[in-house]
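Working notes, structure below.
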Amino acid sequence: MMKILVAYYSRTNVTKKIAEEITKELNCDIEEIKPKVNYDGKIGYIRGGKDAIKAKIIELEALNYNPADYDMVYLGVPVWAGKSANPMISYIKENENSFNEVKFFVTAGGTGFDGTFKQLEDFVGKEPIKKLALTTKEVKQDKYQDKLKIFLE
């Protein structure tokens with residue numbers, strides 16, 4: 001049986017909702033990436049945008065799982081300023097060369113998916129098996145089931 005890990009970062013629980021749904025569907029392990037930097041509220045939002053633009057590597061809380069132990073790792077992240085939220089970039093850096101196969105799921109207010117997918121691919125060092133792009137609106141209105149089903153196949 002394939003060993004699967006869902007690793008995600010979520011500031012506003014939109015990406016978290018999808019991560020939890022994937023975990024439920026696949027009955028697999030889940031790792032929430034928790035930055036030691038505070039990205040809460042308006043100040044955090046601004047700090048996050050600046051850090052994302054610079055792809056700033058930050059310290060993360062201790063992790064529970066090693067992605068190298070998994071056949072497939074789903075990486076989930078929101079778009080910040082047209083890039084991947086940097087806690088995910090920090091996670092990938094911390095686990096360099098530890099990913100066997102990957103799938104990316106990205107949430108955004110509207111745009112920035114392409115830049116985020118490209119950046120994730122560059123940092124992981126390989127193409128994902130599949131990619132899923134969902135808008136905040138789709139997630140909040142529960143209008144993502146069909147896309148998610150295809151993504152999980």
Side-chain angles (χ1 to χ4, degrees), residues 2-26 28-37 39 45 47-61 63-139 143-153:
M2 200 171 185
K3 271 194 84 178
I4 300 170
L5 174 67
V6 175
Y8 74 95
Y9 170 73
S10 189
R11 191 180 87 90
T12 60
N13 294 333
V14 174
T15 309
K16 179 180 186 169
K17 180 176 178 179
I18 300 303
E20 288 176 345
E21 184 108 0
I22 292 169
T23 305
K24 198 174 75 190
E25 280 297 313
L26 301 178
C28 62
D29 293 328
I30 188 167
E31 178 90 75
E32 181 177 4
I33 298 162
K34 295 179 182 158
K36 288 190 176 177
V37 177
Y39 290 114
Y45 176 82
R47 180 184 296 131
K50 285 180 179 169
D51 288 356
I53 288 165
K54 292 186 243 160
K56 185 176 180 187
I57 303 301
I58 56 162
E59 253 190 277
L60 304 172
E61 299 290 341
L63 299 165
N64 300 308
Y65 302 101
N66 178 352
D69 297 338
Y70 295 85
D71 304 307
M72 172 73 70
V73 179
Y74 285 75
L75 297 172
V77 67
V79 173
W80 284 2
K83 303 250 189 251
S84 167
N86 64 301
M88 176 55 77
I89 297 302
S90 302
Y91 173 80
I92 294 168
K93 275 307 252 187
E94 199 171 299
N95 292 289
E96 221 158 7
N97 303 319
S98 296
F99 300 96
N100 292 308
E101 296 294 348
V102 290
K103 286 187 177 185
F104 303 151
F105 61 101
V106 173
T107 59
T111 60
F113 293 112
D114 292 345
T116 301
F117 284 135
K118 173 88 179 85
Q119 190 186 25
L120 290 173
E121 200 174 300
D122 290 347
F123 273 90
V124 171
K126 61 175 60 175
E127 263 185 65
I129 302 290
K130 280 190 178 170
K131 301 185 270 202
L132 174 64
L134 294 172
T135 64
T136 302
K137 191 175 173 184
E138 284 175 301
V139 176
K143 292 184 176 165
Y144 58 85
Q145 300 303 339
D146 292 346
K147 285 184 181 179
L148 185 62
K149 208 164 99 185
I150 293 164
F151 179 64
L152 294 176
E153 283 170 359

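Both tests pass for Lys103 against the ring of Phe151: distance under 6.0 Å to the centre and angle within 45° of the axis.
Taking the six-membered ring for Trp, Tyr45 and Trp80 have ring centres at least 6.0 Å apart. Between Phe104 and Tyr74, a ring centre-to-centre spacing not shorter than 6.0 Å is recorded.
Within 6.0 Å of atom NZ in Lys130, more than 12 heavy atoms from other residues, nucleotides or ligands are found, so the atom counts as buried in its surroundings. Other residues, nucleotides and ligands place more than 12 heavy atoms under 6.0 Å from the CD atom of Glu61. The number of heavy-atom neighbours closer than 6.0 Å to NZ of Lys3, taken from other residues, nucleotides and ligands shown, is above 12. Taking a 6.0 Å sphere around CG of Asp114, one finds it holds 12 or fewer heavy atoms contributed by other residues, nucleotides or ligands. Enclosure of atom NZ in Lys24 is not indicated, since only 12 or fewer non-hydrogen atoms of other residues, nucleotides or ligands lie within 6.0 angstrom.
Between Lys118 and Glu121, none of the side-chain N atoms (NZ, or NE/NH1/NH2) sits under 4.0 Å from a carboxylate O, so this pair counts as no salt bridge. Note on Lys36 versus Glu59: salt bridge recorded, some NZ/NE/NH1/NH2 to OD/OE distance being below 4.0 Å. Checked for salt-bridge contact, Glu138 and Lys147 meet the test: a charged N lies under 4.0 Å from a carboxylate O.
No side-chain donor-acceptor contact under 3.5 Å links Ser98 to the backbone of Ala68.
Between Ile33 and Pro87, the shortest heavy-atom contact is CG2-O, 3.7 Å.
With values rounded to the nearest 0.5 angstrom, Tyr8 atom OH is found 11.0 Å from Ile22 atom CD1.
A donor-acceptor pair shorter than 3.5 Å cannot be found between the side chains of Asn86 and Tyr9.
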